[in-house]
Engineer: 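Input: one structure, supplied below.
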Amino acid sequence: MNAFNPSAREAANQPHAIAPLVSFDRVGKVFSVDGQAFEAIQDFSLAINEGEFIAIVGSSGCGKSTLLRLLVGLDTEFSGEIRVDGAPVAGIGGERGIVFQEHRLFPWLTVAQNIGLGLVNEKLTQGERARRVHEFVQLVGLKGFESAYPHQLSGGMAQRVAIARGLVASPRILLLDEPFGALDALTRQQLQDELLAIRERSGITTLLVTHDAEEAIYLADRVVVMAPRPGRIKSVVEIELPHPRQRTGADFHRLREQLLHQLTGDGDYLPPVLQRVEGVRPEFIAL
Ligand SMILES: Nc1ncnc2c1ncn2[C@@H]1O[C@H](COP(=O)(O)OP(=O)(O)O)[C@@H](O)[C@H]1O
Ligand SMILES: [Mg+2]
């Protein structure tokens with residue numbers, strides 16, 4: 001099925017009438033660290049309906065990236081079950097597109113060639129391939145930059161290329177792992193709006209990992225709050241505010257307070273500015 005399917009939004013509004021597109025059922029993940037078992041994820045269950053926008057928030061190390069790696073099929077060793085459209089995840093598949101925090105573009109390839117990499121597993125003629133790349137170059141506002149190389153792009157433009165690469169194969173699910181974390185505030189807000197526009201147009205099911213409570217409330221239909229050690233669901237908060245959401249509105253403020261309270265409740269949450277100083281506890285940072 002094509003991701004750009006207008007009926008997807010309608011389907012999402014009837015969550016009980018259809019089977020979920022993605023389901024995590026009692027998922028657990030244990031790493032072996034220096035011969036010791038380390039439980040990174042414990043008993044994670046979540047059903048995501050087609051067309052839904054889910055944000056996962058939680059402090060550094062609570063298992064957010066690990067969950068995405070499991071869903072995308074990059075790591076197949078886990079307990080419990082993950083299903084996409086009813087079928088257990090067994091490896092990487094074209095119906096799941098992923099965007100990482102660092103853009104991961106190839107420096108020796110142009111914008112168009114980097115986006116085209118998202119189509120390596122698709123059987124297309126050269127003409128079809130070029131048309132699809134062109135369509136997605138336009139979608140992310142990079143017309144005129146097709147032949148540019150990554151070093152000629154700003155951070156925001158590079159991340160747009162990464163988003164286009166994640167979308168070009170028309171996945172049913174877009175997975176984003178802190179995609180805007182390294183961008184300045186203004187660019188971040190611009191890209192958040194573009195992501196909403198893409199979602200509005202395509203109805204694509206979206207799973208966004210972020211440590212930014214405000215970003216989660218601005219974008220998502222539901223926010224999953226995770227707690228660390230072991231990584232597990234602490235709560236799920238429905239965001240019923242209509243779009244476009246006003247970051248300065250009273251309801252928005254109330255939801256942000258609620259989320260921050262849950263994130264800080266266990267004393268484990270580092271504000272985003274501190275999370276960038278990997279592994280350093282706030283009490284050790286002179287402000
Ligand atoms: N390959 C690995 N081997 C051992 N431990 C890992 C590995 N990947 C992640 N971890 C650990 O699992 C926990 C969750 O990591 P991660 O999913 O990256 O968290 P987050 O994305 O929420 O910051 C962390 O404690 C991390 O150190
Ligand atoms: Mg991570």
Side-chain angles (χ1 to χ4, degrees), residues 3-4 21-22 48 51-58 60 63-75 84 89 92-107 109-122 132-133 135-142 145 150 153-184 187-212 215-216 218-221 223-224 272 275-276:
F4 290 84
L21 180 60
V22 177
I48 304 173
E52 236 189 328
F53 195 135
I54 300 283
I56 298 183
V57 294
S60 207
K64 305 182 298 296
S65 295
T66 303
L67 273 170
L68 284 198
R69 286 176 59 80
L70 298 183
L71 174 57
V72 91
L74 288 166
D75 182 348
V84 174
V89 167
I92 300 170
E95 79 285 1
R96 286 155 284 154
I98 187 157
V99 179
F100 300 96
Q101 176 165 4
E102 339 75 70
H103 54 69
R104 301 192 188 186
L105 301 181
F106 290 99
L109 297 181
T110 64
V111 163
Q113 289 167 335
N114 268 291
I115 295 173
L117 284 179
L119 292 170
V120 282
N121 295 319
E122 309 292 310
R132 282 200 68 77
V133 168
E135 181 189 333
F136 283 84
V137 161
Q138 284 193 314
L139 182 80
V140 297
L142 287 175
F145 290 91
L153 306 176
S154 68
M157 290 161 85
Q159 205 51 294
R160 284 195 177 96
V161 178
I163 291 172
R165 184 180 54 191
L167 286 169
V168 72
S170 292
R172 294 180 73 182
I173 310 160
L174 182 62
L175 309 171
L176 303 127
D177 193 355
E178 309 205 23
F180 311 138
L183 303 176
D184 64 86
T187 308
R188 188 158 63 225
Q189 291 191 8
Q190 251 172 15
L191 281 174
Q192 287 169 355
D193 284 332
E194 287 177 24
L195 183 60
L196 279 181
I198 288 169
R199 191 278 188 125
E200 187 63 34
R201 189 182 141 195
S202 65
I204 192 167
T205 308
T206 309
L207 182 55
L208 169 82
V209 159
T210 178
H211 54 239
D212 182 346
E215 178 165 279
Y218 188 70
L219 295 173
D221 302 322
V223 180
V224 177
Q275 288 199 10
R276 291 198 196 106

Engineer: Just verifying a value: how many Å separate Leu74 CG and Thr66 OG1, rounded to the nearest 0.5 Å?
Structural biologist: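 Atom-to-atom, Leu74:CG and Thr66:OG1 are 11.0 Å apart.
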Engineer: Does Phe145 have more than 12 heavy atoms from other residues, nucleotides or ligands lying within 6.0 Å of its CZ?
Structural biologist: no
Engineer: Leu195 versus Leu176: any side-chain heavy-atom pair under 4.5 Å?
Structural biologist: yes
Engineer: Might you work through the side chain to side chain contact (heavy atoms under 4.5 Å, CB included) test for Leu109 and Leu105, ending with a clear yes or no?
Structural biologist: CA-CA 8 Å; Leu109 297 181; Leu105 301 181; over 6 Å; no
Engineer: Which of these, Asn114, Val111, Leu117, Ile115, sits in a side chain to side chain contact (heavy atoms under 4.5 Å, CB included) with Val133?
Structural biologist: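 It is Ile115, the one option of Asn114, Val111, Leu117, Ile115 that forms the side chain to side chain contact (heavy atoms under 4.5 Å, CB included) with Val133.
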Engineer: Rounded to the nearest 0.5 Å, what separates atom CD in Gln189 from atom CG in Asp184?
Structural biologist: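 If I round to the nearest 0.5 Å, the distance is 9.5 Å.
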Engineer: If I compare all heavy atoms of Gly58 with all of Lys64, which pair ends up nearest, and what's the gap?
Structural biologist: O-NZ, 3.0 Å
Engineer: Carefully, step by step, assess Gln101 and Ser65 under the rule side chain to side chain contact (heavy atoms under 4.5 Å, CB included).
Structural biologist: CA-CA 10 Å; Gln101 176 165 4; Ser65 295; over 6 Å; no
Engineer: Rounded at 0.5 Å granularity, tell me how far CZ in Phe136 sits from CG in Leu119.
Structural biologist: 8.5 Å
Engineer: What are the two closest non-hydrogen atoms of Thr210 and Glu215, and how far apart are they?
Structural biologist: OG1-OE2, 3.0 Å
Engineer: Quick check against the 3.5 Å criterion: does Arg172 have a side-chain atom that pairs as donor or acceptor with the backbone of Thr205?
Structural biologist: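 The answer is no, because no donor-acceptor pair under 3.5 Å joins these two groups.
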Engineer: Can Val140 and Val161 be said to form a side chain to side chain contact (heavy atoms under 4.5 Å, CB included), step by step?
Structural biologist: CA-CA 7 Å; Val140 297; Val161 178; over 6 Å; no
Engineer: Could you measure the distance from the OG1 atom of Thr206 to the CG atom of Leu208? Nearest 0.5 Å is fine.
Structural biologist: 8.5 Å
Engineer: Partners of Gln159 by side chain to side chain donor-acceptor pair (under 3.5 Å), sequence neighbours excluded?
Structural biologist: none
Engineer: Nearest 0.5 angstrom please: Leu71 CG to Ile98 CD1, how far?
Structural biologist: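 Interatomic distance, Leu71 CG to Ile98 CD1, rounded to 0.5 Å: 8.0 Å.
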Engineer: Atom CD in Glu52, atom CG in Leu21: separation rounded to 0.5 Å?
Structural biologist: 10.0 Å
Engineer: Does the side chain of Val99 come within less than 4.5 Å of Phe180's, by heavy atoms?
Structural biologist: no
Engineer: His103 and Ala158: which non-hydrogen atoms are nearest, and at how many Å?
Structural biologist: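 Scanning both residues, the minimum pair turns out to be CD2-CB, 3.4 Å.
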Engineer: Are any of the side-chain heavy atoms of Ile48 and Leu207 separated by less than 4.5 Å?
Structural biologist: yes
Engineer: Is the closest side-chain heavy-atom distance between Ile163 and Ile198 below 4.5 Å?
Structural biologist: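 With C-beta onward as the side chain, the pair touches.
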Engineer: Give a yes or no answer on whether the side chain of Asp221 reaches the backbone of Phe53 with a donor-acceptor pair at less than 3.5 Å.
Structural biologist: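 Answer holds: yes.
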Engineer: Check whether Arg165 reaches the backbone of Gly118 with its side chain - one donor and one acceptor, N or O, closer than 3.5 Å.
Structural biologist: no
Engineer: On a heavy-atom basis, which atom in Arg188 and which in Leu183 lie closest, and how many Å separate them?
Structural biologist: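 Heavy atoms of Arg188 and Leu183 come nearest at NH1-O, 3.1 Å.
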Engineer: Taking the side chain as every heavy atom from C-beta outward, state whether Glu178 and Val209 have any pair of such atoms under 4.5 Å apart.
Structural biologist: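 Glu178 vs Val209: side chains touch.
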Engineer: What closest approach, in Å, do Val89 and Gly73 show between heavy atoms, and which atom pair accounts for it?
Structural biologist: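 For Val89 and Gly73, the tightest heavy-atom pair comes out as CG1-CA, 4.0 Å.
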Engineer: Which heavy-atom pair separates Met157 from Leu142 by the least distance, and what is that distance?
Structural biologist: O-CD1, 3.8 Å
Engineer: Quick check against the 3.5 Å criterion: does Arg199 have a side-chain atom that pairs as donor or acceptor with the backbone of Gly51?
Structural biologist: yes
Engineer: Please enumerate all residues that pass side chain to side chain donor-acceptor pair (under 3.5 Å) together with Glu194, with sequence neighbours excluded.
Structural biologist: Arg160
Engineer: Please examine the side chains of Tyr218 and Leu196, heavy atoms only from C-beta on, and report whether any two atoms are closer than 4.5 Å.
Structural biologist: yes
